[in-house]
Amino acid sequence: MKSYSLFIILAVSLLMACKNRKTNSAEIVASKTEYPELRIVPIEHATAVLTWGDITIYIDPVGGKEAFDGHKEPDLILITDIHGDHFSLETLEALNTQKAKIIVPQAVANKIPEKFTPQLDVLDNGDRKTRFGIKVEAIPMYNLRDEALQFHTKGRGNGYVLNLGDERIYFSGDTEDVPEMRALENIDKAFICMNLPYTMTVESAADAVLEFQPAQVYPYHYRGRPDVSDVKKFQEIVHRTNPDIKVVQLDWYPKMDY
């Protein structure tokens, strides 16, 4: 009788153990989330279109409606600053933005007509907002050099970090290598400006990248006055110190030979 009882106890224990293993296995499978692939299309200079699954994101849309021919209407629009290479009211009004949320700093909001007010999310430096499952962080962007302080004052514009699933994407906007950029963490793709006299030198951009160490860096916004920044030199500086950072060169100036 004792043997029979022991057999029953062992059998029940074995069944419960199997059940628990199956439950835990199902939980592990359910917790694995496959995120959509991110597609990045440069338009020109600071303007880009990002597609993430069913979500279309316009970064600093300028160039008129025709610049976005062939692209889906935006769900999310991010504008970094008031300057014409980042903010174009004419372009904004020409696009079909009826379904879009538009994330802007206050200085840009002040220049947008009231009809857009229900669509606007105004972020100050350090603010965060989640739209369409994407958390957007507003990162300070400003000048440090005395001769450039008048171009971008601290607090006026935003760089942005977009949290797309398990990826963090940074767009610098117009900035120098400010402490807030250098303090960024876990950035997968960083879009870094480098044009004089308005933003920063190639050397400053590379030094900042080497400090916060994104997995990939995309030089963009590198047309200056009068010179175009040397993005090959930027790549050489980065790779000399950290060859693990991948420098990705896209065609940001399709109408030019650089």
Side-chain angles (χ1 to χ4, degrees), residues 38-48 50 59-60 78 80-81 83 85-86 125 137-154 157-164 166-258:
L38 174 63
R39 181 170 178 259
I40 303 162
V41 179
I43 301 299
E44 187 173 7
H45 189 57
T47 304
L50 276 58
I59 309 293
D60 284 339
L78 304 181
T80 60
D81 197 23
H83 289 162
D85 55 341
H86 299 272
N125 290 171
E137 306 170 26
I139 310 299
M141 45 152 277
Y142 55 96
N143 286 108
L144 297 171
R145 294 168 296 125
D146 288 341
E147 65 271 22
L149 292 177
Q150 74 275 15
F151 293 133
H152 307 98
T153 56
K154 188 175 182 178
N158 291 328
Y160 295 106
V161 171
L162 290 75
N163 294 270
L164 301 170
D166 57 359
E167 281 198 298
R168 285 167 52 80
I169 317 299
Y170 171 56
F171 281 88
S172 71
D174 280 354
T175 190
E176 291 189 55
D177 53 324
V178 297
E180 294 88 347
M181 175 196 290
R182 290 176 173 272
L184 291 170
E185 296 180 343
N186 303 317
I187 300 298
D188 295 283
K189 294 177 173 61
F191 292 77
I192 303 295
C193 65
M194 53 190 81
N195 65 321
L196 294 178
Y198 305 111
T199 62
M200 58 180 157
T201 65
V202 164
E203 291 81 4
S204 294
D207 193 58
V209 163
L210 287 168
E211 183 159 347
F212 74 88
Q213 298 184 49
Q216 298 180 353
V217 59
Y218 293 70
Y220 88 137
H221 199 294
Y222 49 83
R223 178 185 59 209
R225 291 182 184 272
D227 299 320
V228 177
S229 292
D230 188 344
V231 293
K232 289 184 179 179
K233 182 179 180 181
F234 168 82
Q235 181 177 18
E236 290 170 359
I237 297 171
V238 171
H239 282 174
R240 189 183 308 139
T241 300
N242 188 343
D244 292 332
I245 298 175
K246 184 177 180 180
V247 179
V248 182
Q249 183 61 55
L250 302 180
D251 186 5
W252 293 94
Y253 301 98
K255 301 173 185 176
M256 306 293 181
D257 59 356
Y258 51 82

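You'll find the side chain of Val231 stays beyond 4.5 Å of the side chain of Trp252, heavy atoms only. By the 4.5 Å heavy-atom criterion applied to side chains, Ile59 and Leu50 are counted as neighbours.
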Q.
Apply side chain to side chain contact (heavy atoms under 4.5 Å, CB included) to residues Leu38 and Lys189 and explain how you reach the verdict.
A. CA-CA 11 Å; Leu38 174 63; Lys189 294 177 173 61; 4.2 Å; yes
(Q) One pair to check against side chain to side chain contact (heavy atoms under 4.5 Å, CB included): Leu78 and Leu162. What are the steps and the verdict? (A) CA-CA 10 Å; Leu78 304 181; Leu162 290 75; 3.5 Å; yes
Q: Before giving the answer on side chain to side chain contact (heavy atoms under 4.5 Å, CB included), spell out for Met194 and Lys233 the whole-Å C-alpha distance, their side-chain angles and the decisive distance to 0.1 Å.
A: CA-CA 12 Å; Met194 53 190 81; Lys233 182 179 180 181; over 6 Å; no
Q: Take Asn158 and Asn125, measure what side chain to side chain contact (heavy atoms under 4.5 Å, CB included) needs, and give me the verdict at the end.
A: CA-CA 6 Å; Asn158 291 328; Asn125 290 171; 2.7 Å; yes
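Across every non-hydrogen atom of Asn195 and Ser229, the tightest pair is CA-OG, 3.7 Å. Minimum interatomic distance between Ala205 and Phe234 (heavy atoms only, all atoms of both residues): C-CE1, 3.7 Å. Minimum heavy-atom separation, Leu210 to Ile237: CD1-O, 4.1 Å. Of all the heavy atoms in Cys193 and Ser172, the pair that sits closest is N-OG, 3.2 Å. Taking both residues in full, the closest heavy atoms of Glu180 and Pro140 are given as CG-CG, 3.6 Å, listed atom of the first, atom of the second, then distance. The two residues Pro219 and Tyr222 come nearest to each other via the heavy atoms O-CE2, 3.7 Å.
In this structure, the separation between OH on Tyr258 and CG on Asp230 is 13.5 Å, given to the nearest 0.5 Å. Summarising the geometry, atom NZ belonging to Lys246 is positioned 11.0 Å from atom CD belonging to Gln235; distances are rounded to the nearest 0.5 Å. Distance CG/Leu144 to CG/Asp177: 6.0 Å, rounded to 0.5 Å. With values rounded to the nearest 0.5 angstrom, Glu44 atom CD is found 9.5 Å from Asp251 atom CG. Distance check: Ile192 CD1 to Tyr170 OH gives 5.5 Å after rounding to the nearest 0.5 Å. Note that CG of Asp60 is 6.0 Å distant from OG1 of Thr47, once rounded to the nearest 0.5 Å.
Less than 6.0 angstrom separates the ring centroid of Tyr218 from the ring centroid of Phe191.
Remark: the backbone N or O of Glu185 is paired with a side-chain donor or acceptor of Arg168 at under 3.5 angstrom. With Tyr220 contributing its side chain and Gly173 its backbone, the two residues share a donor-acceptor pair below 3.5 Å. Looking only at distances, no side-chain donor or acceptor of Asp174 sits under 3.5 Å from a matching main-chain atom of Tyr142.
Residues satisfying the salt bridge (Lys or Arg N to Asp or Glu O under 4.0 Å) test with Glu147, not counting sequence neighbours, are Arg145. For the ring pair (Phe, Tyr, Trp, His ring centres under 6.0 Å) test, residues two or more places apart in sequence or in another chain that qualify with His45 are His221, Tyr253.
A side chain to side chain donor-acceptor pair (under 3.5 Å) with Tyr198 is found for one member of His152, His83, Arg225, Glu176 and no other, namely Arg225.
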